[in-house]
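Comments concern the structure below.
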Amino acid sequence: RSVATLPQFAALEPSDPDHSPGWSAAGADGRAWLDPFLAGLGAHLAEDGVAFMTHNVAADRARTDEILALSGLAARTAHATTMVLDPRKSALLHPAVRARAENGLSRIGPYEFVEVAVLEIRPLGTG
């Protein structure tokens, strides 16, 4: 079993110098850390293995599924939740990413929330 929470925030610059750069800068589409992890996961997951990871709605789930399929893996949403988006991050969210994630973003007063899924990843045909 494996568990991962990878940086997935779509920004080219950190929003907070007190956090690691990956906390708020995972590339223009938020996939700088995600894609290499997913591409290599199949080589490290046992035939009956399972990996769990968080997945931000703005990080393009369809692309995640494509990368996993190339490695003989598939993901299902094991749990979904909504969490507050740090205002510093919200201010940096690229308009194209914001548009792609429009249905997964919501606002209540000054607070913005983002949908996050916990994905269960297994070899194809075992889940």
On a heavy-atom basis, the closest approach of Ile67 and Ala39 is CG2-N, 3.7 Å
For the CG atom of Leu38 and the CE atom of Met53, what is their distance to the nearest 0.5 Å?
5.0 Å
Kindly indicate whether the side chain of Arg107, heavy atoms from C-beta on, has any atom under 4.5 Å from the side chain of Ser90.
yes
With side-chain contact (heavy atoms from CB on, under 4.5 Å) as the test, pick out the partner of Phe113 among Leu105, Thr81, Ile108.
Ile108
Close side-chain approach of Pro95 to Arg100, heavy-atom, < 4.5 Å
no
Of all heavy-atom pairs linking Arg31 and Asp29, the shortest is N-OD1, 3.1 Å
In Å, rounded to the nearest 0.5 Å, how long is the span from CD of Glu66 to OG of Ser71?
12.5 Å
So how far is it from Phe52 CZ to His79 NE2, rounded to the nearest 0.5 Å?
12.5 Å
Considering all heavy atoms of both residues, which atom of Ala59 and which atom of Leu34 are nearest to each other, and what is their separation?
CB-CD2, 4.1 Å
Can you tell me how far CG of Leu73 sits from OG1 of Thr64, rounded to the nearest 0.5 angstrom?
12.0 Å
Side chains of Thr77 and His55: closer than 4.5 Å at any heavy-atom pair?
no
Minimum heavy-atom distance Pro123-Leu45, with the two atoms named
CD-CD2, 4.1 Å
Applying side chain to side chain contact (heavy atoms under 4.5 Å, CB included), run through Val114 and Met83 and close with a yes or a no.
CA-CA 6 Å; Val114 62; Met83 58 185 285; 3.9 Å; yes
Residue pairs involving residues 53-62 (criterion salt bridge (charged side-chain N to carboxylate O under 4.0 Å, His left out); sequence neighbours excluded)
Arg61-Asp65
Can you tell if the side chain of Ile121 reaches within under 4.5 Å of the side chain of Leu68, non-hydrogen atoms only?
yes
Between Arg76 and Leu119, is there a side-chain heavy-atom distance shorter than 4.5 Å?
no
Just checking, is any N or O donor in the side chain of Thr82 or Glu115 under 3.5 Å from an acceptor N or O on the other one?
no
